[in-house]
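Working notes, beginning with the structure itself.
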Amino acid sequence: MDVKLRVQRFDPEAADPKPYWEDFTAAIEDNGTVLDALIKIREDTDGTFSLRCSCRSSICGSCAVRINGHAGLACKTQAKDMLVDGVITIEPAGNMPVIKDLVVNFDGFWDKIMQVEPYLKPEGPEPEAEYIASNEAMLHLSDVTSCIMCGSCFSDCTVLEVDPSFLGPAALAKAYRFTADPRDGDENGVSKDRLEELNKPSGMWDCTRCMECVQACPKSVAPMDRIMAMRDQALQAGFHNTNGARHTEAFSDSVEHSGWLDELRLVPKSVGMTNITALVGYAPIAIQAITHGKMPPIIHKKLPQSKNIRKIFDKVEGPEQR
Amino acid sequence: MLEHDVLVIGAGLAGMRAAIAARAGGASTAIISKVHPVRSHSNAAQGGINAALTDRGDEWEDHAYDTVKGSDFLGDQDAIEVMCKAAGQALIDMEHFGVTFNRDDEGRLGTRAFGGQRRARTFFVGDFTGQALLHVMFEQLIKSGVRRYEEWFVSSLIIEDNKICGVMALEVRTGQIYAIRAKRVIFCTGGFGRVFEPSTNALICTGDGIALAYNAGAELMDMEMVQYHPTTLAGSGVLISEAARGEGAYLLDKDGNRFMEKYAPNMMELASRDVVSRAEQTEINAGNGVDGCVYLDCRHLGEALIMEKLSQIREIGIDLVGCDMIKEPIPIRPGMHYAMGGIRTNVDGQTNLEGVYAAGECACVSVHGGNRLGANSLLDTIVFGERSGNHAAAACRDTDYVEFDVDKAVRNEEKRIQDFLDRPQNGDRIAAVRLGMGESMNRNLAVYRNEEGMKKTLVELKELEKRYETVPIENKGKVFNTDLVFALELGFMLDIATPIAMSALDRKDSRGAQARTDYPNRDDENWMKHLVIKKGASGPELSYAPVSITQWTPEERKY
Amino acid sequence: MKYAFFPGCVSRGGCPELYPAAKLICEKLGIELQEMPAASCTGAGVLQEKNELLGDTLNARTFAMAEALDLPILTICSTCQGVMSQANHRLKNLEYRAKVNTFLAEEGLEYKGNARPKHLLWVLIEDVGLDKLLSLVTRPLAGMRLAPFYGCYIVRPTEALEFEDHPERQDALEKIIETIGATVVDFAGKTRCCGFPILTINERNSMAMVGKHTSEAKDLGADAMITPCPLCHLNLDSFQPKAAAQAGRPIGLPILHMPQAIGLAMGLSPDAMGLKRHIVSTKPLLTKIGAGAAS
């Protein structure tokens, strides 16, 4: 089967280096992957075309590129499924500077991994034999440690797009791999020092829950789900003093007591009722809302039967379930 | 000047383990790799790592015997003893480093059965054990303070008066050439799978280190012993783990018969790999396969087990051949997988070149002999990686750097590379020459071999070497010039293809992975010995070395 | 055509103009809406970060109520759609569903697994049909350039949203835009995040997102942006002036909730569609389509 590809090229050594598009046709097997096609281009058509690739079986993490605008592993993607109007569009992974063609600079990616001190830090003495841990706990962790550091999540992260200081999905998932490890941290497996760090700005609360990382991840690591679980760990470990924690708790409180969201009170509760500067900052928005008839009702009415909702909170949040 | 007591080349499991050990031993240590460490091919080991844990009632001697038998009695028993004795601690070390091994009901490390072993002693993380180990090893590397040269390609060695002085390396991102001085160099560059086409090996497995060492005068050993894995996927030939059979999967011919009962009535699908691959090839040759494949049937294992323990290979089947192993058997065939042979070393990784070490797949200790047992390769990398690192660090303490003219070395290498780039553009493409080599090797040095075929390949390799001299490099740039890297890699592959074929042609018996139709029996009287090959003035020179036998007398092998 | 109506919180709270607009166009389309006054908030993904089981239980409760009415669920909020779809996806697991049902038993509810929550966007295409919509278009938005803004929850993760069974969901909004006679302005940010979830957590980043997407669409010549999500609408509209100030450039791109744009094309008055309650003025837009400025 012949597949047409539209590939973004970049030669940093050109007289006027800037990205440009080039069209190629590659002959591959009917069930060939996007990577097969890219390798064909390199081997048979244009030796100057650069990309990283190695294992061809979704385990080395080298060949993450944007396929039709979304990050994924070229070796895990069947070419025939990706044809849009007969063409597959290939760009380098996002949120990383391009070195050449599809090769991007991972330095920023790895810097963030390093920031989470990515190695096990048990606080107690090591046992002579293995640590005793449940299979369930290990299987849960293995879902996260199956991360191959391909950068797909990093590429498509909407927060990194506007804020390079954000730790990002890969590093946060890596951090969760330790905060959720019964061997890491204190004798109960609580990694309080890590959670304290991750609780800071640019950490777990800066994720905007857009799910790009969940969609992009080729290994079902679901980074965002790990970040959400980590937020719960932080709350459980007693870290309440962030806008994020306050937002979550105020939101939860509102639903628990009225059944729905009390938007009017959510904002001040999130930034902190004593945070006068921030509250004053919202005043113009509030005035604007009032003048445009958009102010949420001052009196937040409870839903009918809202006590039933409260009962559910009691049951699910109760000690038995926790 | 870039300068380190110990320089490890290759950052897979063996390399990182060696570097961590050397650093812990007090040596200033660096690791250099043509890819980022977590991209290394150790990733691809799926099924697990073997160790006999005494607190499970297992004994290292039993593991050693299984390994010796698996090697078809060509493995060096003294080395095998070292590996199997060290296995338990190596495993526990990895657990303490943070590997998320699957557990048993009591929360202890769980095991699965694996080929050629009489009891389940394979410890695992789902079906991505290598990846789990590799990433944890990288975590420890970060912690250790070892200097990392990531995406640097070692293009040649610097040797003065037969002593290693360091290496020349190309920083791929910039195209700059550097000399790196070192007192001790440890090769952990992995196997040479891409010499064959197809292969389960990653595209980076081009035998660079073996070729560099060989060209510098190192002895290679057991090069004829090339493992064909029984379950590689139709088409691309990527690996489908032995873990599938370890968990109970069947091999079926086109009519649904479990043909292994004819070949290994006791162990069935879990006989050693060479036995199973030969059985499959025999069936396929007899017309009992479909499109050159037989089937791996996992359906009876059930969805829950497959999702917990074999999820990655299931995905590979879906992604690459559109086949879901929960619902249907998947087409597989024997495929080139592993090099038992490599740079000849002792149990501390030392080679015949002073200051040069090797560990992992690029080395030949020899713990695998004629055929490696599944899940012994991860063990090999960790045990001998660590031993090499320890020994090299200790050896540095009272050694000085060997002086050499750095500027001259850099100039010479720059010129050599520039000459490459300046070649005329009228030769065959790199890929065409590589494919010619790979297909010739796979045609004549596969599961079954004979003199005629191997001689033909040797002739073809000569022609390919000629064609290689004029392969053009289209990319003239400096930044991330993969075209140049592939050309250099192809040179390395051609350097070792001939030693592989020559060794195989010389061994006139069938043993382990070498099955010759013209010499179908094992001949202990004449061939219970290692083949050693070394670069001489006028080409490869073969010699023989005895096999170490400590406590297990060679016997007929039955599974 | 009757549905159990799940409007979500924002269309009744922070953007109260959206709820009546949606009700009006549903009426025109012959969609009968049965309110579920006791149905709670979906948790919006926020509750889920605290306790996923809790969020799933609340959604199972809503699903059970709709099952009791024997009606499919219709929502006008992408976030609600996404969160409900994700919960429903997890609730396919029988063991998990049984556990969740134990929390509902006291209220006499049980979720049997049959709910199929659907956003109005999908209902229009899959149930009502674009032909029917077209037949109701009396004032085509000809010459108007609309940038579709999906946001996150109605496009990801595709598995929970059942995109494989419904490939038409991928470009549903573009189809709506074309049906109401406008021109699609395609832009990279259309499936990115509007920044609403981090508004009170990292306002700078939230504003950067608003600024990035609205100015991108504006620079491509869009007259307005159209979104199926009240939360996106809220952030992109109410906070656009602030985002523009942060970006240091004027933007001024009106943001329409999808029912508002449809209502305009159906000839409903700008007032009825709540357009005067927008922060970014909709006047130039209305002039362009000849609907006159909202009074």
Side-chain angles (χ1 to χ4, degrees), chain A residues 11-13 29 31 33 36 39 42-44 46-62 75-78 99-101 103 105-106 110 113-114 118-120 122 126-135 137-139 141-142 145-149 177-178 181 183-184, chain B residues 35-36 38-41 43-44 53 55 92 95-98 100-110 125-126 128 130-132 135-136 139-140 142-143 173 202-204 235-236 238-239 308 312 315-316 319-322 429-431 472-483 486:
Chain A
D11 177 7
E13 296 170 90
E29 301 284 326
N31 58 5
T33 62
D36 292 337
I39 289 176
R42 182 172 82 181
E43 291 196 333
D44 297 351
D46 187 350
T48 71
F49 174 49
S50 295
L51 75 149
R52 292 191 184 98
C53 59
S54 185
C55 74
R56 307 161 298 135
S57 53
S58 333
I59 198 74
C60 78
S62 301
C75 73
K76 194 179 158 57
T77 310
Q78 294 249 320
I99 294 174
K100 182 177 188 304
D101 296 335
V103 178
N105 184 336
F106 264 73
W110 287 111
I113 301 289
M114 300 306 159
Y119 36 81
L120 199 69
E126 246 175 28
E128 203 165 297
E130 72 267 43
Y131 285 91
I132 301 301
S134 75
N135 194 40
M138 288 295 128
L139 289 178
L141 285 181
S142 292
T145 60
S146 67
C147 168
I148 55 174
M149 301 282 157
R177 174 254 164 285
F178 297 107
D181 194 319
R183 300 168 293 186
D184 196 84
Chain B
V35 292
H36 186 281
V38 304
R39 314 285 176 226
S40 303
H41 189 59
N43 265 325
L53 294 188
D55 64 3
I92 296 299
E95 198 279 331
H96 287 175
F97 286 163
T100 55
F101 285 110
N102 286 49
R103 306 281 159 154
D104 65 15
D105 293 341
E106 283 140 38
R108 302 189 309 168
L109 300 182
V125 182
F128 53 97
Q131 186 248 323
H135 282 243
V136 167
E139 294 167 10
Q140 295 301 310
I142 291 166
K143 201 175 155 192
R173 195 190 288 187
L203 304 180
I204 54 171
S236 62
V238 305
L239 180 65
E308 180 185 329
Q312 308 258 334
E315 287 235 345
I316 288 173
D319 294 339
L320 300 180
V321 294
R429 297 189 72 86
I430 295 169
I473 297 174
E474 286 176 282
N475 189 348
K476 309 295 178 196
K478 287 205 172 297
V479 177
F480 229 93
N481 187 342
T482 46
D483 210 20
F486 296 147

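Labels below follow one simple rule: chain letters A, B, ... track the order of the sequence lines, proteins then strands, and each chain is numbered from 1. None of these values were measured; they are calculated from a predicted model.
Contact of A/Phe49 with chain B is made through the backbone alone, with heavy-atom distances under 4.5 Å. Looking at A/Glu29, there are no atoms closer than 4.5 Å to chain B (heavy atoms on both sides), in backbone or side chain. Neither the backbone nor the side chain of A/Pro122 comes within less than 4.5 Å of any heavy atom of chain B. Residue contact with chain B, scored on non-hydrogen atoms closer than 4.5 Å, involves the side chain of A/Ile39 exclusively. Heavy-atom distances place both the backbone and the side chain of A/Pro118 under 4.5 Å from chain B. Only the side chain of A/Thr33 has a heavy atom closer than 4.5 Å to any heavy atom of chain B. Looking at B/Lys478, the atoms closer than 4.5 Å to chain A (heavy atoms on both sides) sit in the backbone and in the side chain alike. Using a 4.5 Å cut-off between heavy atoms, B/Asp105 makes no contact with chain A at all. If you measure heavy-atom distances from A/Ile132 to chain B, the contacts under 4.5 Å come from both the backbone and the side chain.
When side chains are defined from C-beta on, A/Leu120 does not count as touching B/Lys143, because their heavy atoms never get closer than 4.5 Å. At least one side-chain heavy atom of A/Asn105 sits under 4.5 Å from a side-chain heavy atom of B/Arg173. The closest side-chain heavy-atom distance from B/Leu239 to A/Ser57 is not below 4.5 Å. Under the 4.5 Å side-chain criterion, counting only non-hydrogen atoms from C-beta, A/Arg177 is not in contact with B/His135. Looking at B/Arg429 and A/Glu43, their side chains never come closer than 4.5 Å, going by heavy atoms from C-beta outward. Two residues are said to be in side-chain contact when any heavy atoms from C-beta on lie closer than 4.5 Å; B/Thr482 and A/Lys100 fail this criterion.
Annotation: the span from B/Ile204 atom CD1 to A/Cys53 atom SG amounts to 10.0 Å, rounded to 0.5 Å. Note that OG of A/Ser54 is 8.5 Å distant from CG of B/Asn43, once rounded to the nearest 0.5 Å. The structure places CG of B/Leu203 at 9.0 Å from OG of A/Ser62, a figure rounded to the nearest 0.5 Å. Here the straight-line distance linking atom CD1 of A/Ile148 with atom CZ of B/Arg39 works out to 7.5 Å at 0.5 Å rounding. Between the CD atom of B/Glu139 and the CZ atom of A/Phe178 there is a distance of 3.5 Å, given to the nearest 0.5 Å.
In terms of heavy atoms, A/Gly47 sits closest to B/Asn475 at O-CB, 3.9 Å.
Taking B/Ile473, B/Ile142, B/Val35, B/Leu109 one by one and counting their heavy-atom pairs under 4.5 Å with chain A, the maximum is reached by B/Leu109. Looking only at heavy-atom pairs under 4.5 Å with chain B, the residue among A/Ser58, A/Pro127, A/Ser142 that has the most is A/Ser142. Top candidate by heavy-atom pairs under 4.5 Å with chain A, chosen from B/Phe101, B/Phe128, B/Phe480, is B/Phe480. Across A/Pro12, A/Ala137, A/Ala129, A/Cys75, the residue that shares the most heavy-atom pairs under 4.5 angstrom with chain B is A/Ala129. The most heavy-atom pairs under 4.5 Å with chain B, out of A/Asp184, A/Ile113, A/Thr145, A/Leu141, come from A/Thr145. In terms of heavy-atom pairs under 4.5 Å with chain A, the best-connected choice from B/Ile316, B/Val38, B/Leu320, B/Ile430 is B/Leu320. Of the listed residues (B/Val479, B/Asn481, B/Ile92), the greatest number of heavy-atom pairs within a distance under 4.5 Å of chain A belongs to B/Val479.
A salt bridge links A/Lys76 with B/Glu315: the distance from a Lys NZ or Arg NE/NH1/NH2 to an Asp or Glu carboxylate oxygen falls below 4.0 Å. Salt bridge present: B/Glu95 and A/Arg183 bring a charged side-chain N and a carboxylate O closer than 4.0 Å.
Side-chain N or O atoms of B/Arg103 include none that pairs as donor or acceptor with a backbone N or O of A/Met138 at under 3.5 Å.
Considering A/Cys60, A/Cys147, A/Cys55, A/Ser146 in turn, A/Ser146 is the only one that fulfils the side-chain contact (heavy atoms from CB on, under 4.5 Å) rule with B/Gln131. A side-chain hydrogen bond (donor to acceptor under 3.5 Å, both in side chains) with A/Asn135 holds for exactly one of B/Arg108, B/Glu308, B/Glu106; it is B/Glu308.
Shown here are the side-chain hydrogen bond (donor to acceptor under 3.5 Å, both in side chains) partners of A/Arg42, two or more places apart in sequence or in another chain: there are none. For A/Tyr131, the ring pair (Phe, Tyr, Trp, His ring centres under 6.0 Å) test picks out B/His96, with sequence neighbours left out.
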